[in-house]
Amino acid sequence: MKENDQEVARAVGALLESQRVGVLGTFGAGSPYCSLVGFSFEPGYGRLYFATTRATRKFANLSETGRVALLVDNRGNREEDLHEASAVTAVGPVTELTGTEKDRGAAVHLTRHPSLAGFLESPTTALLALDVERYFLVRRFQEVMVLEVKR
């Protein structure tokens with residue numbers, strides 16, 4: 001990994017570690033759609049988890065396209081955010097987990113979001129994994145860096 005990639009990876013990791021909620025972007029039925037989701041991640045940040053009810057628009061959209069974007073940022077709704085906030089967007093394919101993969105993902109997700117235990121246990125809830133292909137990191141309003149995730 002190049003020195004610049006290491007710096008970007010550290011910044012991506014710090015942002016993911018410091019935030020608990022992101023904005024999930026999906027596309028389906030000819031229209032984009034965004035929603036808030038609690039997220040968690042595997043060590044190394046190559047796989048992110050989130051849960052949703054199967055009866056949602058986001059679930060229908062991600063089922064249609066199989067791909068999502070998840071934006072995580074550290075803005076505080078201040079004027080300074082335009083120049084000081086950082087944001088990272090994770091993009092890649094998403095799949096609903098089953099079996100032992102679901103058990104593992106649920107354990108990771110509940111460690112970060114213990115209040116979601118009842119939600120995750122519901123038969124109407126899907127636990128999803130975003131296998132990150134790349135991260136786009138934006139800092140200081142215009143500084144954009146890309147981190148390719150190796151599998």
Here the gap from T53 atom OG1 to K58 atom NZ, rounded to the nearest 0.5 Å, amounts to 7.5 Å
Residue set satisfying salt bridge (Lys or Arg N to Asp or Glu O under 4.0 Å) with R134, at least two apart, ordered chain then number -> E148
Smallest heavy-atom separation, L97 atom then G105 atom, equals CD1-CA, 4.4 Å
Here the salt bridge (Lys or Arg N to Asp or Glu O under 4.0 Å) pairs for residues 20-35, sequence neighbours left out, are none
| Quick one: does V68's side chain get under 4.5 Å of L130's, heavy atoms only? | yes
With a 3.5 Å distance limit and no angle check, can you tell me whether H113 reaches the backbone of F39 through a side-chain donor-acceptor pair?
yes
Here the gap from D73 atom CG to R139 atom CZ, rounded to the nearest 0.5 Å, amounts to 14.5 Å
Distance col, row T52:OG1 vs L24:CG, nearest 0.5 angstrom, shows 8.5 Å
- request: Identify whether V132 and L127 are in the same connected component of the hydrophobic contact network (ILVMFWY, side-chain heavy atoms under 4.5 Å).
  value: no
Would the distance check show the side chain of T56 and the main-chain N or O of F59 forming a donor-acceptor pair, the cut-off being under 3.5 Å? yes
Only distances under 3.5 Å count here; give the side-chain donor-acceptor pairs of residues 117-124 to other protein atoms, sequence neighbours excluded, each with its distance to 0.1 Å.
unit_1	atom_1	unit_2	atom_2	d
S122	OG	T124	N	3.2
S122	OG	T124	OG1	2.8

Contacts satisfying ring-ring contact (aromatic ring centres under 6.0 Å, His included) that involve residues 84-105 (not counting sequence neighbours) are none
Checklist entry - Given the rule that I, L, V, M, F, W and Y join up when any side-chain heavy atoms are under 4.5 Å apart, are V21 and V72 in one cluster? => result no
Contacts satisfying side-chain hydrogen bond (donor to acceptor under 3.5 Å, both in side chains) that involve residues 88-98 (not counting sequence neighbours) are R54-E96
Nearest heavy-atom contact between N74 and S86 is OD1-N, 2.7 Å
Output side-chain donor-acceptor pairs under 3.5 Å for residues 25-37, partner residues at least two apart or in another chain, one line each.
unit_1	atom_1	unit_2	atom_2	d
T26	OG1	Y33	O	3.4
T26	OG1	N61	ND2	3.0

Rounded to the nearest 0.5 angstrom, the CG-NZ distance for L128 and K102 is 9.5 Å
Those residues at least two apart in sequence (or on a different chain) that pass side-chain contact (heavy atoms from CB on, under 4.5 Å) with E42 are R47, Y49, R104, V108
Heavy atoms of T125 and A51 approach each other most closely as CG2-CB, 4.0 Å
Going by chain and number, the hydrophobic cluster around V146 (ILVMFWY, side chain to side chain under 4.5 Å) further includes V91, F136
Hits for salt bridge (Lys or Arg N to Asp or Glu O under 4.0 Å) against D103, two or more places apart or cross-chain, chain-then-number order -> none
Q. Would V149 and L16 show up in the same hydrophobic cluster when neighbours are defined by side-chain heavy atoms closer than 4.5 Å?
A. yes
In short, salt bridge (Lys or Arg N to Asp or Glu O under 4.0 Å) pairs touching residues 59-70 with sequence neighbours left out are R67-E133
The ring pair (Phe, Tyr, Trp, His ring centres under 6.0 Å) partners of Y45 (sequence neighbours excluded) come to F41
